[in-house]
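What follows is a short report on a single structure.
Model, not experiment: these values are computed from the prediction. Order of the sequence lines fixes the chain letters, A, B, ..., with proteins taken first and strands second; residue numbering starts at 1 for each chain.
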Amino acid sequence: MTQRRILVTAALPYANGPIHIGHLVEYIQTDIWVRYQKLAGNRCVFLCADDTHGTAIMIRARQEGRSEEQVIAEMQQRHERDFAGFEVGFDHYGSTNSPANRQLCGQIWQALRQKGMVSERAVTQLFDPVAGTFLADRFVKGTCPVCKAPDQYGDNCDRCSSTYGPHELIDPVSTLSGAKPELRQAAHLFVELERLHPFLDEWTRSADHLEPEVSNYLHGHFLNKPLRDWDVSRPQPYFGFEIPDSPGNCWYVWFDAPIGYMASTWEWCQRHGENFDLWWRDPGTEIHHFIGKDIMYFHTLFWPGMLHSAGLQLPTKVHVHGFLTVGGQKMSKRTGTFVKAETYLRHLDPAFLRYYYATKLSPSLNDLDLNLSEFASKVNSDLVGKVVNLASRTARFVKQTGLSATYPDDEALFARGAAAGDEIAAAYEACDFGRAMRLVMELADRANPYVESNAPWTLSKDPAQAGRLQDVCSVALNLFRQIVVYLSPVLPRLARQADELFGVPIRNWRDAASPLVGTPVATFQHMLQRIDPKDIQAMIEDSREKELDATSATPAAAGATTVPQDTEEALLAEPLQPTILIDDFAKVDLRVARVLAAEDVPDAKKLLKLTLSLGGEVRRTVFAGIKAAYKPEQLVGRLVVVVANLAPRQMKFGLSEGMIVAVGPGDKDVFLLGVDSGAKVGQRVH
RNA sequence: GGGCCUGUAGCUCAGUGGUUAGAGCAGGGGACUCAUAAUCCCUUGGUCGGGGGUUCGAAUCCCUCCGGGCCUACCA
């Protein structure tokens, strides 16, 4: 069998937040695949890095009054600690803010220049004089120059669908500082991706680089029309690398992020005396990227385009996975299902999640659901009840004697297990881990009845049966070890524990094909605790963002009770805005209103249609995106706060004449503002 | 509204033209007592979302309708 040379990456986590169980779907999936490849005897290197550049990091650093370098250094430390906690075994973990990355960005940039792929043109852009930075389209709001709709983002109008530049907005406002932006010109650099259209058309369709679903999506959404030039520069200030031949400009974060894969490789090569070109310039190397479906666009169009232009090896395959849901719902901080890696590790064994994800993973980009009760029962019955139990119930009988010197007759159980190896291997290779786990559990389901029918506990009572007892236990323990070999990509710690039990390390997939004979057996140690549902509950509680009711929020009323621990997460997600004057606030006419009627808008996924009374005969119709959070009947009669002087907006389902105010990130986490009793309809908020 | 995915036992899912549709978990009955109240045996349970078509034969292929999910749009 020839040894393959395989380079594997998982997407670079952004240095703006901690790792959570959603991220872990990808890192666990990738780690399992890598461990399988290594066990199969292939040369495989697993590389990753923190993604550190961009406006978000710059803003955050300013907000926290420290340097970007301090922010990303701290986050990288946390990321690496979390990954280690889940046994995600990178061969190297770098950072996009590294000298190696800067240099490689420069090389690829040079190549793009030489191919004439880069064009420069002046972009007139709005500049925020208070924040001292140019404003990306989404950081500017104003009135649509075409239809005069207010409160539109800088790139296109929601109301009339016309597209324009942010400088064309009427009365633009920076969402960063609230300042009135100035018009400034800056030279931007563009990669003319359309010139690679024929290449990308071909690449995305050929050689199994992508699952058909992914390929179809790309052809339906992007490749069916000319590809737009890609703006890859950002004027300073910007946290990133300055472009050598374009002083004052940095590469956009999505330009240098994927190059981070190569930079991480380069650093790994330096440390291990490896030849970088062998990994990125040699057609004998396979390159596999594992990513989430949200970043398909960058990895299947821009990235291959960059590599192609620079004469580097293209990805062999881009593996795309879906998102995590918990109990069929999006992860939510309110319900405690937004579980950070470090929180999980405080309560549960990482092996549980690795196994559970493995049973759920397939090559498809469908979302994957974590069902907490299924999680507990699957881990407990499969791993503890079936697999570990095999060793737990037999090892002590052969502690004195060790395994039989020749492998006994076992009704061909071991041979059948060995024969299943190819099919299980194929499932791992195809990233169909769910299938691999099912096949392995079939082996465990056959092994326990063997123990049952040969009853070692009965044999142990009769000294004349000592040889028979040793044989039966040798079979059970070899079946156990065979299963552990097959599970070891998923459960590396269990493999190490088996190594200790048998004193013979599992090194290769083929270790499942030949039984151990004549070797000693150590004292059996517990390998996995069962999941106690209480621990899951505690983890969820720990993850739940505490809701404050009016009494506990008031120190006087709270009395001697403990002060709630409010985290800073919400503030970090949405930083405080710059100071405004009272006149600015006075422009917003907030009024108390009563919901007279609330009805579902059947064709809308997010909207409810509300009829509000501002007192007397003054009525307003408002469409509010709160369908997931409130039922119409819950709303009728209650008081809400409405922006009464917001310009009406034409929506698909009718005219919306205002906006009711609420907090929360959206979807189910939306909380309407109310007023304490005594307030009257129509009164203004001062 | 558009694109993609999906619908099989109470739950999670196998099963892409060929005997009487399977597994695990859960439920019921029994056994064992080595093992982390684990395990083993027996067992209940399905008009394979509905309808139509192709075929000697359909869970599987085609059409259509219905339900669910994701993306997108309408929105925060």
Salt bridge [X]-[Y], side-chain N to carboxylate O under 4.0 Å:
| X | Y | answer |
| --- | --- | --- |
| E452(A) | R393(A) | yes |
| K378(A) | D382(A) | no |
| D208(A) | K317(A) | yes |

(message) Check this for me: R228(A), atom CZ, are more than 12 non-hydrogen atoms of other residues, nucleotides or ligands nearer than 6.0 Å?
(response) no

Could you check how far [atom1] of [X] sits from [atom2] of [N], rounded to whole Å?
| X | N | atom1 | atom2 | answer |
| --- | --- | --- | --- | --- |
| L383(A) | C25(B) | CG | P | 13 Å |
| L370(A) | C11(B) | CG | P | 18 Å |
| E211(A) | G3(B) | CD | P | 22 Å |
| H221(A) | C71(B) | NE2 | P | 12 Å |
| D445(A) | C41(B) | CG | P | 9 Å |
| E452(A) | C42(B) | CD | P | 12 Å |
| K293(A) | G3(B) | NZ | P | 17 Å |
| M296(A) | C4(B) | CE | P | 13 Å |

(message) Test of understanding: with side chain to side chain contact (heavy atoms under 4.5 Å, CB included), list the residues that count as partners of N454(A), not counting sequence neighbours.
(response) E411(A), Y450(A), R468(A), V472(A)

Using the [atom1] atom on both, measure [N] against [M] and round to a whole Å.
| N | M | atom1 | answer |
| --- | --- | --- | --- |
| C34(B) | U43(B) | P | 28 Å |
| U60(B) | G53(B) | C1' | 15 Å |
| C71(B) | A26(B) | C1' | 35 Å |
| G29(B) | G46(B) | C1' | 22 Å |
| C70(B) | A31(B) | C1' | 48 Å |

Quick check for you: among [options], whose closest atom lies nearest to any side-chain atom of [X]?
| X | options | value |
| --- | --- | --- |
| W457(A) | C71(B), C25(B), C34(B) | C34(B) |
| H526(A) | U36(B), C5(B), C70(B) | U36(B) |
| E374(A) | U12(B), A35(B), U36(B) | U12(B) |
| P449(A) | U12(B), C25(B), C40(B) | C40(B) |
| D367(A) | C70(B), U36(B), G24(B) | C70(B) |
| F323(A) | C5(B), C71(B), A14(B) | C71(B) |
| N448(A) | C25(B), A35(B), C40(B) | C40(B) |
| F397(A) | C13(B), C4(B), C34(B) | C34(B) |

(request) Treating a pair as Watson-Crick (purine N1 to pyrimidine N3 plus N6-O4 or O6-N4) or G-U wobble (N1-O2 and O6-N3) with both distances under 3.5 Å, list the stems of 3 or more consecutive pairs that involve RNA chain B. (result) B:1-7 with B:66-72, B:10-13 with B:22-25, B:27-31 with B:39-43, B:49-53 with B:61-65

(request) Would you list the pairs meeting side chain to side chain donor-acceptor pair (under 3.5 Å) in which at least one residue belongs to residues 525-536 of chain A, sequence neighbours left out? (result) none

(message) Both conditions, 6.0 Å and 45 degrees, for the charged tip of K293(A) above the ring of F323(A): are they met here?
(response) yes

(request) May I ask you to evaluate whether R530(A) reaches the phosphate of A38(B), defined as a side-chain N or O under 4.0 Å from OP1 or OP2? (result) yes

(message) For a quick test of reading the model: is some side-chain N or O of K360(A) closer than 4.0 Å to OP1 or OP2 of C13(B)?
(response) yes

(request) Could you tell me whether the side chain of K225(A) and the main chain of H221(A) form a donor-acceptor pair under 3.5 Å? (result) yes

